[in-house]
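The structure under discussion appears below in the form of structure tokens.
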Amino acid sequence: MHEAERLQDELKESVVRTSAPIEPPRTVTGLDVTYDTGSDRAVAAAVVVDVASLEVVEVAFHRGEATFPYVPGLLAFREVPLLVAAIERLSTPPALLVCDGYGLAHPKRFGLASHLGVVLDLPSYGVAKTAFVGEFTPPAEQRGAHADLTDAGEVIGSVVRTQTAVKPVFVSAGHRIGLDDCVSLTLRLSGRHRIPEPTRQADIESRKMLREWRSLE
């Protein structure tokens with residue numbers, strides 16, 4: 001664990017924090033990992049989604065075993081190798097990564113989205129279903145409302161209402177993208193569902209592949 005923490009501290013120095021707007025990407029790659037209950041066996045999915053239509057363009061998988069234990073705050077060491085393997089199977093390099101997890105909204109300001117973004121040197125951010133660290137005032141009930149997520153006086157993310165009268169999601173920048181763009185993209189990518197389509201589809205596809213893997217036994 002100490003070596004992982006040392007490496008985490010080293011890698012986080014490479015995070016590029018920015019507030020400059022980016023050119024809206026044509027596609028976004030959503031990422032998620034599904035674990036087999038009671039084991040370290042897992043399926044990572046990388047799903048490329050067209051930003052304009054929200055249609056799935058491509059899906060890639062990696063089936064394997066997580067070699068690092070689950071430790072709060074060190075999830076990236078468990079999932080990054082699996083996710084990188086899935087991303088490498090895409091026919092075209094991704095333009096922007098969206099993770100089911102955290103970026104700067106992390107005790108060390110270096111969550112999964114930041115870690116993966118640095119490793120691949122790609123713009124990346126996280127969208128989580130629950131808060132890991134930080135405080136916030138709930139945003140208004142209408143779609144598009146958002147509020148700062150803060151920790152120790154620092155804005156580390158945004159609490160975003162992607163659908164009216166539905167629980168918000170927790171958005172945080174990872175690497176080479178500003179929080180305003182993260183919020184804007186999250187809303188643009190959230191069609192009729194609470195979870196943005198890229199990570200929603202990655203969750204669906206990774207679960208589907210895990211079921212197929214089990215059926216072969």
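None of these values were measured; they are calculated from a predicted model.
- Of the inter-residue distances, the one linking Ser14 atom OG with Arg176 atom CZ reads 12.5 Å to the nearest 0.5 angstrom.
- Looking at Arg109, its side chain does come within 3.5 Å of a backbone N or O of His106 through a donor-acceptor pair.
- Heavy atoms from other residues, nucleotides or ligands lying under 6.0 Å from CZ of Arg26 number 12 at most.
- Checked by atom type and distance alone, the side chain of Asp50 pairs as donor or acceptor with a backbone atom of Ser53 at under 3.5 Å.
- Put simply, the side chain of Val169 does not reach to within 4.5 Å of the side chain of Lys129, judged on heavy atoms.
- Summarising the geometry of Leu31 relative to Leu116, their closest heavy-atom pair is CD1-CD2, 3.3 Å, with the distance given to 0.1 Å.
- Under the 3.5 Å distance criterion, the side-chain polar atoms of Gln8 are matched with a main-chain donor or acceptor of Gly73.
- At distances below 3.5 Å, not a single donor-acceptor pair connects side-chain atoms of Arg200 with backbone N or O atoms of Ile195.
- For Arg192, the CZ atom is loosely surrounded, since the number of other residues' heavy atoms within 6.0 Å does not exceed 12.
- Of all heavy-atom pairs between Ala60 and Ala86, the closest is CB-O, 3.4 Å.
- Taken to the nearest 0.5 Å, the OG atom of Ser172 stands 10.0 Å off from the OH atom of Tyr125.
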Take Phe170 and Phe136 through the test ring-ring contact (aromatic ring centres under 6.0 Å, His included) and record every step on the way to the result.
CA-CA 10 Å; Phe170 297 81; Phe136 64 95; 5.3 Å; yes
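- Between Val183 and Ser158, the closest side-chain pair of non-hydrogen atoms falls below 4.5 Å.
- Paired with Val33 under the rule side chain to side chain contact (heavy atoms under 4.5 Å, CB included), one option of Val43, Leu83, Leu210 passes, and it is Leu83.
- Asp148 contributes no side-chain N or O that, together with a main-chain N or O of Thr150, makes up a donor-acceptor pair within less than 3.5 Å.
- Leu104 is listed as a side-chain neighbour of Arg17, based on a closest heavy-atom distance under 4.5 Å.
- Looking only at distances, no side-chain donor or acceptor of Arg143 sits under 3.5 Å from a matching main-chain atom of Arg161.
- Contact check for Val47 versus Thr29: no side-chain heavy atoms found under the 4.5 Å cut-off.
- Counting only distance, with no hydrogens or angles, the side chain of Ser190 and the backbone of Leu187 share no donor-acceptor pair below 3.5 Å.
- Scanning all heavy atoms of the two residues, the minimum distance from Val49 to Val57 falls at C-CG2, 4.3 Å.
- The two residues Val15 and Gly174 make their nearest non-hydrogen contact at CG1-O, 3.4 Å.
- Formation of a donor-acceptor pair under 3.5 Å by the Gln163 side chain with backbone atoms of Gly191 is found in this model.
- Of the listed residues (Thr199, Thr162, Asp181), just one forms a side chain to side chain contact (heavy atoms under 4.5 Å, CB included) with Thr186, and that residue is Thr162.
- Other residues, nucleotides and ligands contribute more than 12 heavy atoms inside 6.0 Å of the CD atom of Glu5.
- Considering only heavy atoms from C-beta on, Asp151 stays 4.5 Å or farther from Glu135 through its side chain.
- Atoms CG and CG, on Leu96 and Leu122 in that order, are 8.0 Å from each other to the nearest 0.5 Å.
- The backbone N or O of Val16 sits less than 3.5 Å from a side-chain atom of His175, completing a donor-acceptor pair.
- By the 30° and 60° cut-offs, the orientation of the rings of Phe77 relative to His115 is perpendicular.
- A pairwise comparison of heavy atoms in Ala95 and Thr27 identifies CB-O, 4.0 Å as the closest pair.
- Residue Arg41 holds its CZ atom at 12.5 Å from OG1 of Thr34, rounded to the nearest 0.5 Å.
- Within a 6.0 Å radius of NZ in Lys208, other residues, nucleotides and ligands contribute 12 heavy atoms or fewer.
- Side chains of Asp100 and Asp32 form a contact here, defined as non-hydrogen atoms less than 4.5 Å apart.
- Minimum heavy-atom separation, Ile156 to Gly134: CD1-CA, 4.3 Å.
- A donor-acceptor contact closer than 3.5 angstrom links the side chains of Glu58 and Ser91.
- For the residue pair Tyr35 and Glu65, no side-chain donor N or O sits within less than 3.5 Å of a side-chain acceptor on the partner.
- For the pair Val51 and Leu189, the minimum side-chain heavy-atom distance is below 4.5 Å.
- In this structure, the side chain of Arg194 engages the main chain of Pro168 through a donor-acceptor pair within 3.5 Å.
- The side chain to side chain contact (heavy atoms under 4.5 Å, CB included) with Arg78 is formed by just one residue from the set Asp40, Thr67, Val71; it is Asp40.
- In this structure the side chain of Ile177 never reaches within 4.5 angstrom of the side chain of Ser124, judged on heavy atoms.
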